[in-house]
Visitor: 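Next up is a structure, given as structure tokens.
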There are 2 protein chains.
Amino acid sequence: MQPHITIKDVARKAKVGIATVSRVLNDAQKVDPATRQRVREVIRRLGYRPNATGRRLVKKSTEMVSFLLCNREFMNPFHTGVLYGVERYLSGTDHDVVFTNFRYDPNAAPESLVLPRILSHRGIADGFIVSGTNYPNLLAAMDSLDAAYVLFGNNFVDKQADAARAADQLPERRLDTVYYDDGEAERQMLERLIGMGHKHIWFAGDVEMPWFLRRARVYREMMHKHSIVPREISAPGADQRDYADYGEQATARILESGEPVTAIVGGNDGIAYGAWRALRRAGRSVPGDITVLGFDDVQEASWTDPPLTTVRVPTHDVGVACAQMLLEKLKQSGAPQPPIVLGAQLIERGSWGPPRTF
Amino acid sequence: MQPHITIKDVARKAKVGIATVSRVLNDAQKVDPATRQRVREVIRRLGYRPNATGRRLVKKSTEMVSFLLCNREFMNPFHTGVLYGVERYLSGTDHDVVFTNFRYDPNAAPESLVLPRILSHRGIADGFIVSGTNYPNLLAAMDSLDAAYVLFGNNFVDKQADAARAADQLPERRLDTVYYDDGEAERQMLERLIGMGHKHIWFAGDVEMPWFLRRARVYREMMHKHSIVPREISAPGADQRDYADYGEQATARILESGEPVTAIVGGNDGIAYGAWRALRRAGRSVPGDITVLGFDDVQEASWTDPPLTTVRVPTHDVGVACAQMLLEKLKQSGAPQPPIVLGAQLIERGSWGPPRTF
DNA sequence: CTGAAAGCGCTTACAG
DNA sequence: CTGAAAGCGCTTACAG
């Protein structure tokens, strides 16, 4: 690092005190217009850029927010979208976002977690957006560090709380949480589907995963409401990371079973894609023979032919809301915020239609 | 912010000077084992975490690297992978990565660019990984700020330099650049294709985009080598952002033309997917009637049926190399590094086969 | 409206 | 091996 222009250099050249330069920089207090003009000119001439570190030390703010992506092998489109939304919101503020990936053992005691620098040191970030899949032990560790954070609630796995809670509760009720609720959009989708005359509707997805379980529950609710027997199918042999493979195997099992099926609801678009592929291979047309529906509206949802009817999840908005809530929390020095719940949207495309009449 | 434990508190409790606490913290110099023990114990008891801001001010390093994604509407899988690689490498160092999205006018004068905070202020990041699509004016602006940066070279658009340079040059020869070169893998793929007996091979993609142009050039070279007439097709009417749509329209134009075609090389996987969809709709089978090939190996490349033969681009490795090069550059205070070129890999899947004999 | 001074939380010569 | 002191680059009472 070379020696750089500091506020002192500007003050000397402009023949003012450094306090005045600081005032000009921050448009704080009244500064004589002529002086301001002169200081501005020197700043420009010298190419002076204020050093954030000095400001941070006295302001006791890092102007930095951490996007902590937990327990992910890679960044999926959902979390990519959330990060993008976080950045977009912050770009209009005086904060930036630092991205950290972090894996931890869900069963480790909070105090034995080996935390990343951003948590084990002070002064790297003011607060945290905790995304990915998370467990209570990390939150306990963060609480004991007195860290300010906002949790992305959909993928929070708390078996104890789940068990204690009534089974039909929404995801997470704890404070400082942002999540999306696609239940309404799912109800709408299933209502429409049933309205078309479907009676043999299957749900494909691993309900061990909370994000699939929530969707399965709404599915059960809707089937019950319309006195349709719910049929859930999994694919134990499939690679749990490859949803397309999962959907394909699950669908193959439905077809092999010989049981009636007029519609398959995939737990997400990847599973729906797999279902579509399995049907195609089996010579069944979509939606002529069987309707296929998905969730998430990933960009590739339109890659099936016909494109997938699905539920669009508000990825960017989740990011924006997380960032907004966190900044609000920091401003109010930690006061709890009410949870933010974002809705989802039914995206109607070509993969559904009335059931084939036999 | 509440008042927090500082190094002074630790020093007082441990009955030592703050310098000694600092030494214990950094394992610097010799410290009496007993003293060290005592200080460690106090640190633990008080839950003291060192404040990075203090350290940064004196060390004149922000311990932060900027991932500057330029001119992107959203984060595509490639850049997501690069960011992931950057983070992975940095997690083993004392740096973190801050993510910033930035749009600018390619034609604006360098000094008139409105730069994001991370560039207009000092002390937010030590150096920059410039990714996305970039133009010379930003680099000029960064040079005049004396900013340390590494450029992702593949998407750098420099029309003047391009024109001046011999047409068959590789992407970017400038220093401090990381790029991938999938030319070898493409040659291998086309060699294999031609070896199967293909004679009517089309290339689909907009060669205005440098990433497609490079692939088109290798395509031309290979066609020339084997005395095959190169056939390039574009889709002027398509949404240039929706590659699948682009590929579909381009392929439709080939089919409408009535000209012979046994293989279609998409400029990327999205285009290849579109080609596949168009062929399917036209009742042509892949690869029975026509072979389809792509580039990039995005996760959804395996969503076509049969899955796509393509060229895998080393996204994570690009990120790792960028981070590594930048840290090296910072360590050597700006000394230029030789460019890093990463290779790509042919991924053989089911979408190709010998041409149908008429 | 303005400047000298204190102080944010560290590291690092320097002198013991 | 250890501590007092200087100093990194700012902001902000405080006193004019």
Side-chain angles (χ1 to χ4, degrees), chain A residues 1-40 42-43 46-64 94 117 120-126, chain B residues 1-40 42-43 46-64 94 117 120-126:
Chain A
M1 306 280 130
Q2 300 117 292
H4 283 132
I5 312 291
T6 74
I7 199 171
K8 282 186 194 167
D9 300 312
V10 176
R12 198 179 319 120
K13 284 273 182 201
K15 303 201 188 309
V16 296
I18 59 170
T20 299
V21 178
S22 178
R23 289 184 193 111
V24 170
L25 245 26
N26 301 293
D27 305 297
Q29 302 180 38
K30 302 259 149 284
V31 178
D32 179 79
T35 315
R36 174 188 304 276
Q37 190 53 42
R38 187 156 36 98
V39 171
R40 285 239 170 91
V42 171
I43 287 175
L46 263 45
Y48 167 69
R49 289 177 294 151
N51 184 325
T53 306
R55 178 176 60 223
R56 286 173 182 179
L57 194 54
V58 42
K59 294 268 218 172
K60 292 178 180 303
S61 156
T62 64
E63 307 170 346
M64 212 54 103
D94 56 357
R117 275 166 41 90
S120 64
H121 285 229
R122 224 178 258 292
I124 305 187
D126 291 338
Chain B
M1 303 278 131
Q2 300 117 293
H4 283 133
I5 313 289
T6 73
I7 198 171
K8 282 186 192 165
D9 301 311
V10 176
R12 197 179 320 118
K13 284 274 182 201
K15 303 198 188 311
V16 294
I18 58 169
T20 300
V21 178
S22 178
R23 289 183 193 112
V24 170
L25 245 25
N26 300 292
D27 306 295
Q29 301 180 40
K30 301 260 148 282
V31 178
D32 180 79
T35 313
R36 172 186 306 275
Q37 190 54 42
R38 186 155 37 96
V39 171
R40 284 241 169 90
V42 172
I43 287 174
L46 263 44
Y48 167 70
R49 289 177 296 150
N51 184 325
T53 306
R55 178 176 60 225
R56 288 172 180 178
L57 195 53
V58 40
K59 294 268 218 172
K60 291 176 179 304
S61 156
T62 64
E63 306 169 348
M64 213 54 103
D94 55 359
R117 276 167 40 90
S120 65
H121 285 228
R122 224 176 259 294
I124 305 187
D126 291 338

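Throughout, protein chains are lettered first and strands after them, A, B, ... in sequence-line order, and every chain is numbered starting at 1. If you're wondering where the values come from, they're calculated on a predicted model, not measured in any experiment.
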Visitor: With a 4.5 Å heavy-atom cut-off, do B:S22 and B:N26 have their side chains touching?
Guide: yes
Visitor: What interatomic distance, in whole Å, is found between C1' of D:dG16 and the corresponding atom of D:dT12?
Guide: 16 Å
Visitor: Rounding to the closest angstrom, what is the interatomic distance between D:dA6 and D:dT2 at atom P?
Guide: 22 Å
Visitor: Check whether any side-chain nitrogen or oxygen of A:K59 sits under 4.0 Å from OP1 or OP2 of D:dT12, and answer yes or no.
Guide: yes
Visitor: Between B:L25 and B:I43, is the side-chain contact (heavy atoms from CB on, under 4.5 Å) condition met? List the steps.
Guide: CA-CA 9 Å; B:L25 245 25; B:I43 287 174; 3.5 Å; yes
Visitor: So, using side chain to side chain donor-acceptor pair (under 3.5 Å) as the criterion, who are the partners of A:T20 when residues are at least two apart?
Guide: none
Visitor: Not counting sequence neighbours, which residues clear side chain to side chain donor-acceptor pair (under 3.5 Å) with B:D94? List them please.
Guide: none
Visitor: Taking only the side-chain nitrogens and oxygens of A:T35, find out if one of them lies under 4.0 Å from OP1 or OP2 of C:dT2.
Guide: yes
Visitor: What does the 5'-to-3' dot-bracket notation of DNA chain D look like when only Watson-Crick and G-U wobble pairs under 3.5 Å count, and pairs to other strands show as |?
Guide: |||.||||||||.|||
Visitor: Does any pair with a residue in residues 17-27 of chain A pass salt bridge (Lys or Arg N to Asp or Glu O under 4.0 Å), and if so which ones, sequence neighbours excluded?
Guide: A:D27-A:R36, A:D27-A:R40
Visitor: Does D:dG3 have OP1 or OP2 under 4.0 Å away from a side-chain N or O of B:K15?
Guide: no
Visitor: I'd like a table of donor-acceptor pairs (distance under 3.5 Å, sequence neighbours excluded) in which one partner is a side-chain atom from residues 49-58 of chain B, with atom names and distances.
Guide:
{"residue": "B:R49", "atom": "NH1", "partner": "A:L119", "partner atom": "O", "Å": "2.8"}
{"residue": "B:R49", "atom": "NH2", "partner": "A:L145", "partner atom": "O", "Å": "3.2"}
{"residue": "B:N51", "atom": "OD1", "partner": "B:T53", "partner atom": "N", "Å": "2.7"}
{"residue": "B:N51", "atom": "OD1", "partner": "B:T53", "partner atom": "OG1", "Å": "3.3"}
{"residue": "B:R55", "atom": "NE", "partner": "B:E63", "partner atom": "OE2", "Å": "2.6"}
{"residue": "B:R55", "atom": "NH1", "partner": "A:H121", "partner atom": "ND1", "Å": "3.3"}
{"residue": "B:R55", "atom": "NH2", "partner": "A:H121", "partner atom": "ND1", "Å": "3.2"}
{"residue": "B:R55", "atom": "NH2", "partner": "B:E63", "partner atom": "OE1", "Å": "3.1"}
{"residue": "B:R55", "atom": "NH2", "partner": "B:E63", "partner atom": "OE2", "Å": "3.3"}
{"residue": "B:R56", "atom": "NE", "partner": "B:T62", "partner atom": "O", "Å": "3.0"}
{"residue": "B:R56", "atom": "NH2", "partner": "B:T62", "partner atom": "O", "Å": "3.3"}

Visitor: Starting at the 5' end of DNA chain D and moving along, which residue's nearest nucleotide shows up first, B:G54 or B:D32?
Guide: B:D32
Visitor: A:T53 near the nucleic acid: base, sugar-phosphate alone, or nothing, with a heavy-atom cut-off under 4.0 Å?
Guide: nothing
Visitor: With a 3.5 Å cut-off and sequence neighbours excluded, list the donor-acceptor pairs that the side chains of residues 5-16 of chain B form with protein atoms.
Guide:
{"residue": "B:T6", "atom": "OG1", "partner": "B:K8", "partner atom": "N", "Å": "3.1"}
{"residue": "B:D9", "atom": "OD2", "partner": "B:T6", "partner atom": "N", "Å": "2.7"}

Visitor: Does A:N26 make a side-chain N or O approach to OP1 or OP2 of D:dT11 shorter than 4.0 Å?
Guide: yes
Visitor: Can you confirm whether A:R117 sits close enough to A:I124 that some side-chain heavy atom of one is under 4.5 Å from a side-chain heavy atom of the other?
Guide: yes
Visitor: Using a 4.0 Å cut-off on heavy atoms, which residues in residues 16-25 of chain B reach DNA chain C? List them by number, or say none.
Guide: B:I18, B:A19, B:S22, B:R23
